[in-house]
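Whatever order the structure lists ligands and atoms in, that order sets their numbers, starting from 1.
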Amino acid sequence: MLQQTQVDTVIPYYHRFLKQFPTVEALAKASLQEVLKAWENMGYYARARHLHAAAQEIVKRMGGMVPNTWDELIGLPGIGPYTAAAILSFAFDKRFPTVDGNAQRVLCRLHAIQGPIDQSSNQSEIHDLAAQIIPSEDPAYFNHGIMELGATICKPRNPLCHACPVGDLCLAFQKGLQEVLPIMRKRKPLPHKEMTAAVIRDNRGQLLIVQRPNQGLLGGLWKFPGGMRGPDETLKQGLRRHVREELGIGIRVRDALASVDHAYTHFRITLHAFQCARRNGKPRAIGCHEYQWVKIDRLDDFPFSRADRKVIEALWAKNA
Ligand code: SF4
């Protein structure tokens, strides 16, 4: 949970998650939908899918015990070098450095590394430095300590060098570079995509929702039918095309319901939602995993992305 999401945001999710899935077995037995629902709004849903898949593998192949070796951990879904090191260090007190963003900043400043910190050669250098200085006694305390130092003292802006316990050792502080380092490569502006969503009602007032395929961004979540506007399409043309491709039906696109903005890691979107009615055809799951007609008050039973949740809020406001 803590990969990509800040501690304050994670805490309530963590407690609810452990209450709902108190053991590896409970998590393995749950449906992916339950897990995604518990994760809803925290983003980066691949983490939830991987955690669920890893729990199933741990139960199936490892007798329900989280492994304590690098090779076994790294073979589990969603576990890369950072997570493997974090588990080995924090759960098993093994001597593996865990270099998160905070630790990276501290080490970069301590050694006054002046190349871009997000360049792989500099990241390797920082990781090697961490591996050299981590003690064999209480390595987990060391990892906690360095992360905490970055979070509370060696902050991205205005580091509190005069209160820093390692100030005497810090090359950036000695050279007056603490405000300059770490250097990041210039990021390109995020591309922007125009997305569309069809809020299709039947004559009983039920809404048509579709489930995304399990893989990829937001995989396994539910959404309103629709997708990205093509280069030569109007929003309404793009919407009609997507609905035909996903469900094999024709729709009549009526009034705009809402336009919501949302940013992902690599792009931003504006999601334009329209009130729609089915014109012809019977829905079939062609370009989606599954579809369902649901009453508006049942939408809460399904996991949606944050952008789709905003559309649902607009829908509720309209129906209030
Ligand atoms: Fe960070 Fe300043 Fe401490 Fe150096 S002295 S580690 S820059 S807080």
Side-chain angles (χ1 to χ4, degrees), residues 1-15 42-44 47 68 70 73-74 78-190 263-266:
M1 285 180 176
L2 288 168
Q3 291 174 339
Q4 313 282 357
T5 306
Q6 295 193 336
V7 177
D8 290 349
T9 309
V10 161
I11 288 171
Y13 280 90
Y14 175 76
H15 288 301
M42 203 164 38
Y44 300 96
R47 296 178 299 179
N68 64 358
W70 177 271
L73 280 168
I74 209 84
I79 299 202
Y82 172 76
T83 312
I87 294 170
L88 290 168
S89 164
F90 298 134
F92 299 109
D93 209 20
K94 294 198 175 190
R95 189 173 174 268
F96 283 85
T98 56
V99 186
D100 72 343
N102 285 322
Q104 217 173 51
R105 184 171 58 257
V106 172
L107 290 161
C108 168
R109 286 174 172 163
L110 275 174
H111 295 271
I113 293 171
Q114 296 186 39
I117 196 180
D118 48 351
Q119 194 169 297
S120 61
S121 57
N122 292 321
Q123 291 199 337
S124 308
E125 186 183 343
I126 288 171
H127 193 272
D128 291 347
L129 290 168
Q132 282 164 27
I133 58 174
I134 187 169
S136 19
E137 203 171 313
D138 294 332
Y141 282 141
F142 172 86
N143 284 327
H144 274 306
I146 205 155
M147 287 174 172
E148 205 57 22
L149 184 67
T152 57
I153 305 263
C154 193
K155 297 188 285 187
R157 285 192 198 90
N158 306 321
L160 308 172
C161 299
H162 292 288
C164 178
V166 293
D168 289 347
L169 305 171
C170 178
L171 292 181
F173 187 32
Q174 283 168 25
K175 295 178 181 185
L177 293 173
Q178 67 272 26
E179 299 280 356
V180 179
L181 300 180
I183 290 166
M184 305 284 271
R185 280 184 295 195
K186 254 209 175 118
R187 288 215 178 141
K188 288 190 199 141
L190 294 180
Y264 295 97
T265 314
H266 299 297

[atom]: the protein heavy-atom neighbour that sits closest, reported with distance to 0.1 Å:
atom: atom 1 (Fe) of ligand 1; answer: Cys154 SG, 2.4 Å
atom: atom 4 (Fe) of ligand 1; answer: Cys170 SG, 2.3 Å
atom: atom 2 (Fe) of ligand 1; answer: Cys161 SG, 2.3 Å

(request) Taking all non-hydrogen atoms of both residues into account, name the closest pair between Cys154 and Val106 and its distance. (result)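 Minimum heavy-atom contact is CB-CG2, 3.8 Å.
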(request) Compare every heavy atom of Leu181 with every heavy atom of Arg109, then report the nearest pair and how far apart it is. (result) NE-O, 2.8 Å
(request) If the plane angle is over 60° it's perpendicular, under 30° parallel, otherwise tilted; pick one for His162 and Phe173. (result)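 Perpendicular, since the angle between the ring planes exceeds 60°.
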Would you mind listing which atoms of ligand 1 come within a distance below 4.0 Å of any non-hydrogen atom of [X]?
X: Gly167; answer: 5 (S)
X: Cys164; answer: 3 (Fe), 5 (S), 6 (S), 8 (S)
X: Gln178; answer: 7 (S)
X: Phe173; answer: 5 (S)
X: Arg109; answer: 7 (S)

(message) Does atom CZ (Arg185) have a neighbourhood of more than 12 heavy atoms from anything else shown, all under 6.0 Å?
(response) yes
(request) Measure the shortest side-chain to side-chain distance between Asp93 and Asp138 over non-hydrogen atoms and say whether it is less than 4.5 angstrom. (result) yes
(request) Would you indicate whether the side-chain heavy atoms of Asn143 and Ile134 approach each other to under 4.5 Å? (result) yes
(message) Taking Pro139's backbone N and O only, do any of them form a donor-acceptor pair with Arg95's side chain (distance below 3.5 Å, no angle check)?
(response)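 Flag not set: sc Arg95 to bb Pro139 has no pair under 3.5 Å.
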(message) Residue-level breakdown please: for Ala172 versus ligand 1, do any non-hydrogen atoms fall below 4.0 Å on the side chain, on the backbone, on both, or on neither?
(response)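 Within the 4.0 Å criterion, Ala172 makes no contact with ligand 1.
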